[in-house]
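Ligands are counted one by one from 1 in listed order, and the atoms in each one are counted from 1 as well.
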Amino acid sequence: MPEAIQTRYRTHSCGQLRKSDVGKEVKLAGWVNVYRDHGKLVFVDLRDRDGLTQLVFDVDLCGAATHELARSVRSEWVLSATGVVTPRGEGLTNPKLATGEVEVRVKSLEVLSSSPHPPFVPDEADSVHEEKRLNYRYLDLRRPQMSETLRVRHKVAKIMRDELGDQGFWEIETPFLTKSTPEGSRDFIVPARLVPGSFYALPQSPQLFKQILMVGGVDKYMQIVRCFRDEDPRADRQAEFTQLDVEMSFIDRENVIAVVEQLLRRIWKEILGVDVPSPIPHMEYDEAVNTYGSDRPDLRFGMQLHDITDLAHTTEFGVFKNAPMVKAIVVPGGGKMTRKETDALAEWSKGFGAKGLAVTKVVGSGFDTGVAKFIQPIAAQLIERIGAKDGDLLAFAADKPAIVHKVLGELRLKLAKDLQIKPSTEWAWVWVVNFPLLDHDEAENKWNAVHHPFTSPLDEDIPKLASTDHAVLSSLKSKAYDIVLNGYELGGGSIRIHRMDVQQQMFSILGVDEAQQKSRFGFLLEALNFGAPPHGGIALGLDRVVMLLRNTTNIRDVIAFPKTQSGADLMCGSPSPLDEKQLKEANIRIALPPPKA
Ligand code: ASP
């Protein structure tokens, strides 16, 4: 902990004093955390971001006036007090506090600020509704948990800059007022006053700029940068979030992976003292989806998906017999779930597009309840294939592969949580590699890029871009990769297309015609035409990294000034209407949609 800067207000921080300081005259400044008035003695726990120190006002030492002043202080007042560091009496030490062996016997006191009784005090924030915490964010930020998170966040950013700086990366800023960068989301737009009728888009990521930096010979780029995506509210997303953005030239996937692993290793070691495996294992995208039902598999527990389509098709059970795919998971100890609980699962599965969920329980070497009677004929083969044992629950999904994977993928996460299944490890790291290049949107009958349109296909797949065959296009693989920790995607990137003709082909598949290619991406195509090095990179979500390090699932807890799920900043009250003058200057006329009936 750095020592406090000596000022007229303080000589030490509130977390700094130890037994070795006994006898020193010191000055501390901070907020009143707790005060206790015992008549002749007044106790105040003074708090700053480094900790708490107990101040004692003894009328015999500080005199009547200071003692009176001390009796008047209240929660969250701001004080500066001078006194002598003294050992706490026998039995009065507080082992929970770093400064708990000493107290400061005050000689003089200055009240720097007073406060009415605050809507909540830091100690009670856990029981306060989050809306209130966001409204009075400055009170919330005084909590030790919040200041620890900000400290960790700062440290992570510093390690990112130090580590990558040491490896020769340059931090370069890219514009916020820019043109749309397609990352699969909606843009935030900003009216351009000087060009009436025109708009900037806030970047969904610096993707195109970092690629152009490579064309510009920068070689190794990094930036801790804000990205803006106008997405529908989701619990762990923010409209503006922070990425560590990285791009490198003359490299392959393994080079990017090595840089990121070294960085993650340093972060986890320096912050938590935890070793990250070296190397982090790789898993094919296909395996992740087939075995875990997700492209960000949580590998802390088993419950893998088993393909039993062939066996299911031999039964007389219509739901199984006629389904394109049937898969099952074995839920260890799930046999103790009640009928009510398993019925609720079937209902829950409908939220993921399933028609229902079939279950049964393993009793001895057979099945009981649910679909037991339908699968009796395949019992022996089934148990052997999926390795179920007495007391387990089997859950089946029968549907199109996408739905089967989604439902069972979500189900294993839900049951791991509900049944408190013990994780096999605290940290489960994996690189997911060889993603599909394209994804077909049935509703719109068009192809989308799975990562983004600038991601390179595997070399052997480049000639196949000319195909119009649906099966060929859906089989193409890309040079994209994601780093996944405990089921969270910490980041993702790819090797890029660096040939103009290939990029044009890719745009055509995605339905971006020549005129749009020119108007939206002309600058990129032109840059690729003027000597682009092979390049690639990645972006790590800083907010996610800090969430995992701080063991929280609430993204708002790791951002100093976050927005609510509806995109509101409750403290400053944004978004808010503009006044007439501002609208006029921006050449904007408001036409609100009719109110919903
Ligand atoms: N631009 C990508 C993203 O924001 C990351 C990358 O491909 O480097 O997800």
> Which residue pairs satisfy the side-chain hydrogen bond (donor to acceptor under 3.5 Å, both in side chains) criterion with at least one member in residues 526-536, sequence neighbours excluded?
Replying inline: Q211-H535
>> Does this structure show an ion pair linking K406 with D399, if we count only N-O contacts that are shorter than 4.0 Å?
In response: no
>> With no hydrogens and no angle check, just 3.5 Å: does a side-chain donor-acceptor pair link E261 and W431?
In response: yes
> Who are the ring pair (Phe, Tyr, Trp, His ring centres under 6.0 Å) partners of F228, not counting sequence neighbours?
Replying inline: F176
> With hydrogens left out, which residues have an atom under 4.0 Å from ligand 1, given that only heavy atoms count?
Replying inline: E183, S205, Q207, K210, R229, Q243, H451, H452, G492, G493, R496, G537, I538, A539
> ring pair (Phe, Tyr, Trp, His ring centres under 6.0 Å) with H154: which residues, sequence neighbours excluded?
Replying inline: none
> Strictly by modelled atom types, are T174 and Q223 linked by a side-chain donor-acceptor pair under 3.5 Å?
Replying inline: yes
